[in-house]
Enquirer: 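Please find one structure pasted underneath; my questions will follow.
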Amino acid sequence: MVKKFISPFEGPWAASRPTLFAFPTWEWRNRRPIVNTAKCRHCGVCYFMCPVGSIQDRGTYCDSDLSYCKGCGVCACECPSDAILMVREEGE
Amino acid sequence: MATKITPRVKEVRVYDGNRAGAYGLLLCKPDLVACVPITPMTPLVEAIWQYVADGVLDAELVEADGELSGLSAAIGASAAGGRTFVGTSSQGLAFMYEAYLKASGNRLPIVMAIASREPGAPDGVVSSHQDFVGVRDGGWVQIVCESAQEILDSMIMAYRLAEDPEILLPVNICYDGYYLSYSTERVELPFAEDVDAFLAPVGSAHRPTLCLENPMSTPTLVREELYCEFRYRHAAAQQKAKQKVDAIDAEFEAAFGRGYGGQIEEYRTADADIVMITMGSQTGAIREVVDLRREQGEKVGLIKLRLLRPFPRERLVSALRGKKAVGIIDRNVCFGWQSGAVFMETKAALQDLPARIPVTGFVAGIGGADCSMEMVEQAFNITQLAAEGKPHQEITWLNLE
């Protein structure tokens, strides 16, 4: 007999709300995205581009959920407003 | 529950296997078809493209630059909730192997026709089951057909199975290249509205899909516990598919008047001492030999394997209980065993029976060769020796040994 299933889905699917139900990949990160909320136009390009679906809608801007962000920098590269800066993770 | 359908035939046409498959697909109204032409499946693609050009089918057509991107397009469309179809053969199937695993792992109900052909090398644009047998552990359901009519009907049943919320698995419709893909046969065409009614239960079924209103991610990155859980559920769905295939086949027979026995088709096996097992186009030759031998009073029978994956273990074991010997004619090679794959798997399944039943294996029809009635006679003769407990060769490559 199987223990209780963890996922509500039959296959490797995950709902993105409220937060993505997936393996936390933050440990892999050596750079983190810093969003300049003044420059962010809330267009959502980063939301679609993020390979792990870590971008969260904060109402007036988008930001990365750092539990899942693995620091790949796709969001910073694709952001049409240059609102995201990748900075090195240092220590804690 | 589906609405009651009364069996009726819209018209009778002479179609080859590819055309019959294309017509079956037309009735299922796919949203996206992604194909790269490859012999012997090409006329199937041409027929579908013609349906769209004629305005009888409203589907997105993807002229992919390769089979890998073709199946990948189907994966995307299927994840977005579409009904998708892919057709291929041989090298094309080998080229899409990476996406093949993704489709089943993501539990996407894609239907793929495989007009089977020897994957080179040796090169040779010739028939055998080697291509789809080679991917049998890819997690798809694999249905093997014997006639053009069965291809058409299986296409409809495949979507009913694949999109069932309890199953959610991609399905291969496998049929012998050349022997079935290019042979013209009498085919009964069902009414479109009857097929609509038959597929209605899954048309409204809920499955996870990618949409803007409810963002989701697939395949999610998982490891250890969650990975094992998804593999387990995938394997469990394969097991569930067996009974589902039987149920869908019974319902199809009630609705359209044609049934195929579900997982396996038994032919004169009830009182048989010797049973031959096979799959695909050579079933016809074996059925003829069974009839001839029955006329001479020999108690012989035939089992046509319709499901290669999941393997119909329980049905086979119950059909073979008490038999004196079982022969398997494979049109494929399971390297490392010198035999075909069905031989190996049937032997494994027969361990479930208390009494040991001798099993003889035969390899026939490799490289597009005909599996003739003479070869089947030889197979029966050797299996007869096994039934009598006399010395015999366990595995024989017919026409070579």
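Below, chains carry the letters A, B, ... as their sequence lines are ordered, and counting in each starts from 1. Every value quoted in this text rests on a predicted model; they were computed, and no experiment measured them.
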Enquirer: For the interface with chain A, which of Glu229(B), Arg207(B), Arg107(B) has the highest count of heavy-atom pairs at distances below 4.5 Å?
Expert: Glu229(B)
Enquirer: Answer yes when Lys29(B) and Asp196(B) have at least one side-chain N-carboxylate O distance shorter than 4.0 Å, and no when they do not.
Expert: yes
Enquirer: Please look at Leu210(B) and chain A and tell me whether the side chain, the backbone, both or neither of the residue comes under 4.5 angstrom of a heavy atom of that chain.
Expert: both
Enquirer: For Cys62(A), is there any backbone N or O sitting under 3.5 Å from a side-chain donor or acceptor partner on His42(A)?
Expert: no
Enquirer: Salt bridge between Arg83(B) and Glu163(B), side-chain N to carboxylate O under 4.0 Å?
Expert: yes
Enquirer: Students often mix this up, so state it plainly: with edges at 30° and 60°, are the rings of Tyr100(B) and Trp140(B) parallel, tilted or perpendicular?
Expert: parallel
Enquirer: Please determine, among Ala237(B), Pro208(B), Ala236(B), the option with the most heavy-atom pairs under 4.5 Å with chain A.
Expert: Pro208(B)
Enquirer: Between Arg233(B) and chain A, which part of the residue has a heavy atom less than 4.5 Å away: side chain, backbone, both or neither?
Expert: both
Enquirer: So which part of Thr209(B) gets closer than 4.5 Å to some heavy atom of chain A, the side chain, the backbone, both or neither?
Expert: backbone
Enquirer: Look at Glu89(A) together with Arg31(A) and state whether they make a salt bridge at an N to O cut-off of under 4.0 Å.
Expert: no
Enquirer: What part of Tyr232(B) gets within 4.5 angstrom of chain A, counting heavy atoms only: side chain, backbone, both, or neither?
Expert: side chain
Enquirer: Residue by residue, which of residues 66-81 of chain B have a heavy atom closer than 4.5 Å to a heavy atom belonging to chain A?
Expert: Ala79(B)
Enquirer: Between Lys240(B) and Glu166(B), does any side-chain N to carboxylate O distance fall below 4.0 Å?
Expert: no
Enquirer: May I ask you to decide whether Asp82(A) forms a salt bridge with Lys39(A), counting only side-chain N to carboxylate O separations under 4.0 Å?
Expert: no
Enquirer: Looking only at side chains, do Tyr47(A) and Asp57(A) share a donor and an acceptor under 3.5 Å apart?
Expert: no
Enquirer: With the threshold set at 4.0 Å, does a side-chain nitrogen-carboxylate oxygen contact exist between Arg136(B) and Glu345(B)?
Expert: yes
